[in-house]
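Note that these values count all heavy atoms, side chains included, but never hydrogens, waters or copies made by symmetry.
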Amino acid sequence: ERVERIVSADDGRLASVELVGGERLDADAVAVGPRFRPRADAFSSIGIVPVLHESGLGEIVETSPTGLTSVPGLYAAGNVTNPGQQVLAAAADGSWVGAMIGFSLVEDDLDAVRRSTANEADWDRRYRGERMWSGNANGSLVHEVTDMTPGRALDIGAGEGGDALWLESHGWQVTASDISRQGLDQVAAEASRRGVTIEYLHADANALDPFGDDTFDLVTAHYASIPRTPDGRAIANMLGAVAPGGTLLVVGHDLEPMRRPVDTSRHSRMFDADAYVTVDDVAAAISDAPGWHIEVHVRRSRPPGHAAASHHVDDVVLRARRVGT
């Protein structure tokens with residue numbers, strides 16, 4: 001029972017202690033143990049309220065086994081969470097909670113990678129409406145691939161599937177990859193209508209390991225709008241997806257006309273071509289990489305009779321082979 005007050009004799013010496021209920025206990029000495037109270041007042045405004053520890057030794061800040069408090073992102077360790085911890089135990093607890101914070105930050109980074117990007121949302125919006133493209137294969141793909149021996153192919157930026165479906169119809173085992181689920185749904189619908197089989201991979205070429213451990217005999221990307229990053233990871237991901245002896249085929253618009261000066265009083269540039277990975281970027285990366293041989297790197301008129309765009313008349317074509325067996 002809790003002590004209400006200490007009673008002194010007439011000479012000032014301790015006589016007894018009086019409990020809350022009124023009972024008095026004779027005593028010659030009283031040992032006083034302070035109650036622990038964490039200095040958590042600075043966090044009260046965000047909801048941290050200390051509670052009584054089960055030992056009765058004082059108050060603590062409650063945490064999960066990882067040290068996380070009731071406030072997301074706020075951790076606590078040491079004797080603020082357990083008044084029985086001495087220096088060594090508190091230090092060990094701090095190390096444990098520090099590691100848990102590290103794991104949490106890594107998980108946050110992975111979640112950020114998995115979240116829909118603005119680029120993905122933009123392409124989902126575009127593919128949610130009417131068909132954007134002709135459905136035909138790109139002429140440069142047909143020109144470069146027709147004489148190749150079919151194998152496994154990865155079509156990066158498959159869009160509505162014109163290239164992927166053409167490859168499948170010419171004997172390739174095709175994986176269609178795109179940042180947009182809406183686009184892949186359109187590919188799947190057309191493949192189902194034709195009664196053909198294509199694999200689908202919802203992936204951002206700039207993500208961490210977007211294509212997994214698979215490698216392909218042909219990796220192709222036609223007019224893919226892939227944002228440029230300082231570390232060039234999309235290009236590294238493309239190169240890593242090519243099997244030894246396989247081919248990388250990257251085709252883009254000739255962007256030189258878009259870089260010409262414009263009268264800014266009358267026009268504005270609606271598109272920053274240099275914000276995206278270009279064919280020349282890929283060529284430069286391959287030139288610096290061992291085990292690659294560039295077979296074609298040219299600017300030429302777009303082949304007629306297949307997919308076409310009136311405002312783009314020339315292609316930049318890169319075909320490279322990964323040397324090896």
Side-chain angles (χ1 to χ4, degrees), residues 131-178 183-184 186-188 190-201 205 211 214-226 235 238-255 277-280 282-283 286 291-310 312-325:
R131 175 176 285 276
M132 295 181 62
W133 317 120
S134 69
N136 298 325
N138 287 297
S140 290
L141 174 81
V142 175
H143 181 273
E144 297 295 331
V145 174
T146 294
D147 294 333
M148 289 186 184
T149 301
R152 298 187 68 221
L154 171 66
D155 183 15
I156 299 174
E160 294 168 334
D163 288 351
L165 290 163
W166 183 89
L167 287 166
E168 191 283 333
S169 70
H170 286 74
W172 293 85
Q173 300 174 35
V174 182
T175 296
S177 173
D178 203 279
L184 291 177
Q186 291 201 27
V187 183
E190 182 61 21
S192 177
R193 188 187 71 80
R194 299 187 188 188
V196 300
T197 299
I198 290 178
E199 298 293 325
Y200 305 98
L201 179 61
F211 310 125
D214 281 350
T215 56
F216 300 83
D217 303 300
L218 171 66
V219 173
T220 179
H222 276 66
Y223 318 115
S225 296
I226 303 173
I235 297 175
M238 287 185 193
L239 270 57
V242 181
T247 296
L248 175 67
L249 175 62
V250 183
V251 178
H253 303 298
D254 176 14
L255 300 175
V277 174
T278 67
V279 177
D280 291 340
V282 181
I286 289 179
W292 284 89
H293 174 62
I294 294 179
E295 298 175 326
V296 175
H297 184 201
V298 297
R299 179 177 286 102
R300 65 188 177 206
S301 297
R302 183 162 300 165
H306 296 277
S310 59
H312 289 294
V313 296
D314 293 330
D315 282 341
V316 181
V317 180
L318 172 70
R319 191 184 75 225
R321 182 167 51 87
R322 186 171 189 176
V323 180
T325 58

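Contact check for Val282 versus Thr278: no side-chain heavy atoms found under the 4.5 Å cut-off. Contact annotation: the side chain of Leu248 approaches that of Ile286 to within less than 4.5 Å [non-hydrogen atoms, C-beta and beyond].
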Assess the residue pair Ile198 and Thr175 against the criterion (side-chain contact (heavy atoms from CB on, under 4.5 Å)); give the C-alpha distance rounded to whole Å, side-chain angles, the decisive distance to 0.1 Å, and a yes or no.
CA-CA 6 Å; Ile198 290 178; Thr175 296; over 6 Å; no
Check the pair Ile156 / Val219 against side-chain contact (heavy atoms from CB on, under 4.5 Å), numbers first and verdict last.
CA-CA 7 Å; Ile156 299 174; Val219 173; 3.6 Å; yes
Show your reasoning for whether side chain to side chain donor-acceptor pair (under 3.5 Å) applies to Tyr223 and Asp315.
CA-CA 9 Å; Tyr223 318 115; Asp315 282 341; 2.8 Å; yes
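To the nearest 0.5 angstrom, Asp155 atom CG is 11.5 Å from Leu201 atom CG. Atom-to-atom distance recorded for Leu154:CG and Thr220:OG1 is 9.0 Å, nearest 0.5 angstrom. For the atom pair CG of Leu218 and CD of Gln173, the computed distance is 12.5 Å after rounding to the nearest 0.5 Å. Of the inter-residue distances, the one linking Thr247 atom OG1 with His293 atom NE2 reads 10.5 Å to the nearest 0.5 angstrom. Here the CG atom belonging to Leu318 is positioned 5.5 Å from the CD1 atom belonging to Ile294, to the nearest 0.5 angstrom. Note: Asn138 CG to Trp166 CH2 = 11.0 Å, rounded to the nearest 0.5 Å.
When all heavy atoms are compared, the tightest approach of Ile226 to Ala205 is CD1-CB, 3.9 Å. Taking both residues in full, the closest heavy atoms of Thr215 and Gly240 are given as CG2-O, 3.7 Å, listed atom of the first, atom of the second, then distance. Here the shortest heavy-atom pairing between Val317 and Ser140 reads CG2-OG, 4.0 Å. Closest non-hydrogen pair, Thr149 versus Trp172, comes out as O-CH2, 3.5 Å. Taking each heavy atom of Ala188 and Tyr200 in turn, the nearest pair found is CA-OH, 3.2 Å.
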Indicate every side-chain donor-acceptor pair of residues 141-148 with a distance under 3.5 Å to a residue at least two apart or in another chain.
residue : atom : partner : partner atom : Å
His143  : ND1  : Arg300  : NH2          : 3.3
Glu144  : OE1  : Arg319  : NH1          : 2.4
Glu144  : OE2  : Arg300  : NH1          : 3.3
Glu144  : OE2  : Arg300  : NH2          : 2.3
Thr146  : OG1  : Val142  : O            : 2.5

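The pair Asp254-Arg299 meets the salt-bridge criterion, since a charged nitrogen lies less than 4.0 angstrom from a carboxylate oxygen.
Side-chain polar atoms of Asp280 and His297 form a donor-acceptor pair below 3.5 angstrom.
One N or O on the side chain of Arg322 and one on the backbone of Val242 form a donor-acceptor pair closer than 3.5 Å. Side-chain atoms of Asp217 come within 3.5 Å of backbone atoms of Arg152 as a donor-acceptor pair (strictly under, hydrogens ignored).
Legend: residues meeting side-chain hydrogen bond (donor to acceptor under 3.5 Å, both in side chains) with Asp214, ordered by chain and number and at least two apart, are absent.
Around CD of Glu295, the count of heavy atoms belonging to other residues, nucleotides or ligands within 6.0 Å exceeds 12.
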